[in-house]
Amino acid sequence: MKKYLADNKNISRTVLLVTAIGSVLAIFVSCFVLNRVIERHDEELIKFIAADIYDDITKELLRPVMLARVMASDSHLKAQLQNEKNVPEEETIQSMQEYLMSIKKNFRCSATFLISDATKNYYSYGGLNKKVDVEKNPHDIWYKVFVDKNVPYDFDIDIDEVNKNAWTVFVNARIDDDAGNLLGVCGVGVDFADMQNFFITAEQTYNIKINLVDEDGIVQVDTASVNIENPHVENVINTEKSTQFILTAKDGVFTVTKYMPELDWYLVVRRDAENTQGAFSNLIIYMSISFLIASAILLTLIQVALQIDRKKVEETAKKHGIASYADLYVSMHLIDLKNNMIYELSANREFDLANFDGVNNATSQVVAAVEHMTAAESLKDMMNFVNWDTLDNRLKVRRVIHHEFLSKNYGWLKAYFIAAEFDSEQKVSQIIFAIELIDEEKRRENQLLYLSQTDEMTGLKNRGSGEKTISALMREGIEGAFFMLDADKFKSINDNYGHDVGDKVIKAIADCLKKSFRNSDVVMRLGGDEFAAYALGVTNEDQVKVIIKRLFSEIERIQIPELGDRQITISVGSALFSAAEPCTFMKIYKRADSAVYESKKTQGNFHTAFKKIDAINVEV
């Protein structure tokens, strides 16, 4: 009996020893595996954050870039610069000031400016600010540097002399004539403090550090002003100017860099892994206690470490901030492509994808949900975006891809695919599918586009937008009639009754044009009291006469109390465009303009149609 008990005791000791050794080994194996999972997710998370910050910065800078380039392409503005020396300086200053103040007010810029290369006059929303003199004023050297670059636009961080020397991010745009000759430089400014505040919010939210650094390694943007114009603390610049996100890890710090061609700077995002290591230490203690309590917990923890299931996704999300990051989206899901499973990270309960958690057949489920939520006009492009057959190749080119689409119930949305993990064959094995609500932002962009194409006083298309639209129609061979007109003796109205009454006349003529032409026609204000229109499908003189009769009838109804019995009359010229005859916008413009000149010879409302027999006198 004693021998049996002794043998049994030895067996128990052996079992306990083997169990203890196995437990210890299992702990180390599990911790090693979990540590690799954590490191891998740290790498993917910092890339994910950097990609989104890059998109946000690009989006914030897109508006001022778009606005500056619209200003630089404004044909009316070009005409003013070309004719600047022939116009009284006071009139030019007033015109430029009103134009720049309108841009500043409507688009909420901190600065708007224009420099004439001919006179070196520096116009701002406050009027004529100064004359640019590179030799006498060192601060003006930026003008020469930008002009010598010969680029369409560029960024510059500098003090704004007009706005109490406040630090400002300027977007400078080059104004060229049709032959490519420099007319001047225009642009807008964004308050530098706004960009710093954006960086501060992102840094505090995600426990990261953000910088914009030039190719020499000098910090251009930092939340701490003392760091600006000083070398970056790390040598992270990729001299090849790669547009890929480049990850480096050193001393527990993950750093992601990406060249931003729009700025010719580099985005640098750093994240300290200290918090991750603390979480890992706590994990070891927890696992050790758990293993000592029961071997069943050991097996469960090993399974959690080696398999991807919903608990690991949630735990990883919590440890690395993905859960809080997901709050920015109306839905965010992790898709395991190997097992065709989908796991919810975050979702608005009222959203179409809210009930997708732990669901298999993930790819077809996502396609069905997207098809159900997408509006008809966006469906074709959105189906191409969620094409699983091409997704792997698209994510190899860029780790984050996105597409904007119109939904049936939520307005404008932006869908993202983010590569989260690759297998041993470098094929995407896990992706994050997120959807962001951008309806308000899209409305602002559409409003910006509308304002950039619209004459503020009349609501008609402005000259640049109208000319571009008509030129495109003519290139497509869409036939029609082109009309030009202006008010008779308009200068005397301004001189005798004032500019306010003159503005009423311009608005009244614009209203007549809106009533006389169809919504499908192109109607624009050329500037001053001059207007033009292109009537699609009008191909003969009889149809032209019908429009003219309707227009003159509307003009005769104009009543402006300040003018008393004085009647508004207009002179009109027209020219037909046929697809059979090669013709440019400028050619048909000259034809109609010559016809207006003929109409001026007759008092009252009068119309002249361009005759081809007169072409030799017009097209020189």
Side-chain angles (χ1 to χ4, degrees), residues 36-55 244-245 247 256 258 307-348 351-371 373-374 381-405 413-437:
R36 290 300 301 153
V37 171
I38 290 172
E39 288 180 356
R40 187 67 175 270
H41 278 275
D42 258 342
E43 296 173 5
E44 299 306 325
L45 178 62
I46 187 65
K47 289 182 181 179
F48 176 46
I49 293 174
D52 203 66
I53 290 173
Y54 175 85
D55 285 343
Q244 300 296 316
F245 288 95
L247 173 69
V256 173
K258 177 178 172 61
Q307 297 179 4
I308 292 184
D309 60 10
R310 185 177 184 277
K311 290 184 178 180
K312 192 196 76 173
V313 172
E314 291 178 350
E315 189 68 22
T316 305
K318 291 176 182 177
K319 287 188 176 77
H320 301 281
I322 295 177
S324 61
Y325 194 71
D327 290 341
L328 299 175
Y329 301 92
V330 289
S331 79
M332 190 174 187
H333 291 77
L334 179 71
I335 300 176
D336 179 3
L337 295 176
K338 289 295 184 183
N339 299 307
N340 206 9
M341 297 286 291
I342 185 169
Y343 303 94
E344 178 185 307
L345 295 177
S346 173
N348 186 312
F351 200 66
D352 293 47
L353 297 174
N355 298 318
F356 285 178
D357 188 25
V359 177
N360 57 15
N361 200 19
T363 53
S364 59
Q365 294 281 2
V366 169
V367 169
V370 168
E371 187 174 8
M373 76 168 69
T374 305
D381 290 338
M382 192 57 189
M383 287 297 100
N384 289 332
F385 180 72
V386 295
N387 184 340
W388 302 101
D389 295 333
T390 62
L391 183 62
D392 187 76
N393 287 332
R394 286 183 284 154
L395 287 175
K396 283 180 180 177
V397 176
R398 187 177 180 185
R399 300 290 288 274
V400 180
I401 58 175
H402 54 77
H403 177 70
E404 297 178 358
F405 67 101
L413 302 173
K414 181 186 284 189
Y416 294 82
F417 277 128
I418 302 115
E421 191 168 315
F422 292 84
D423 60 19
S424 58
E425 299 177 355
Q426 291 304 301
K427 290 187 177 181
V428 180
S429 58
Q430 292 183 33
I431 59 171
I432 292 173
F433 179 57
I435 293 183
E436 179 186 7
L437 182 63

### Message
Under a plain distance cut-off of 3.5 Å, with no hydrogens placed, do Ser364 and Asn361 share a side-chain donor-acceptor pair?
### Response
yes
#### Entry: Donor + acceptor pair across side chains of Asn384, Asn387 (<3.5 Å)
no
### Task
Report yes if the side chains of Leu395 and Ile401 come closer than 4.5 Å at any heavy-atom pair, otherwise no.
yes
### Message
With rounding to the nearest 0.5 angstrom, report the CD1 to CG distance, Ile432 to Leu334.
### Response
6.0 Å
### Message
To the nearest 0.5 Å, what is the distance between NZ on Lys414 and CD on Glu436?
### Response
6.0 Å
### Task
Can you sort out the partners of Phe405 under ring pair (Phe, Tyr, Trp, His ring centres under 6.0 Å), two or more places apart, ordered by chain and number?
none
### Task
Step through it carefully: locate the ring centre of Phe417, locate the ring centre of Phe433, and say whether they are under 6.0 Å apart.
yes
### Task
Return the minimal non-hydrogen interatomic distance between Thr363 and Trp388, and the atom names on each side.
O-NE1, 3.1 Å
### Task
Working to the nearest 0.5 Å, report the span between CG of Asp423 and CD of Glu421.
9.0 Å
### Message
Minimum heavy-atom separation for Asn339 and Asp336, please, with both atom names.
### Response
ND2-OD2, 2.6 Å
### Query
So how far is it from Asn340 CG to Gln365 CD, rounded to the nearest 0.5 Å?
9.0 Å
### Evaluation steps, side-chain contact (heavy atoms from CB on, under 4.5 Å), between Val428 and Leu391
CA-CA 9 Å; Val428 180; Leu391 183 62; over 6 Å; no
### Task
For side-chain contact (heavy atoms from CB on, under 4.5 Å), just list the numbers for Met383 and Val367, CA-CA rounded to whole Å, side-chain angles, deciding distance to a tenth of an Å, and then say yes or no.
CA-CA 7 Å; Met383 287 297 100; Val367 169; 4.3 Å; yes
### Summary
d(Lys427 NZ, Phe422 CZ) to nearest 0.5 Å is 12.5 Å
### Message
Which heavy atom of Val400 sits nearest to which heavy atom of Ala51, and what is that distance?
### Response
CG2-CB, 3.4 Å
### Minimum-distance pair of heavy atoms, taken over all atoms of Ala362 and Met341
CB-C, 3.7 Å
### Task
Enter the distance from Leu413:CG to His403:NE2 here, rounded to the nearest 0.5 Å.
10.5 Å
#### Entry: salt bridge (charged side-chain N to carboxylate O under 4.0 Å, His left out) involving Lys396 - partner list, sequence neighbours excluded
Asp392
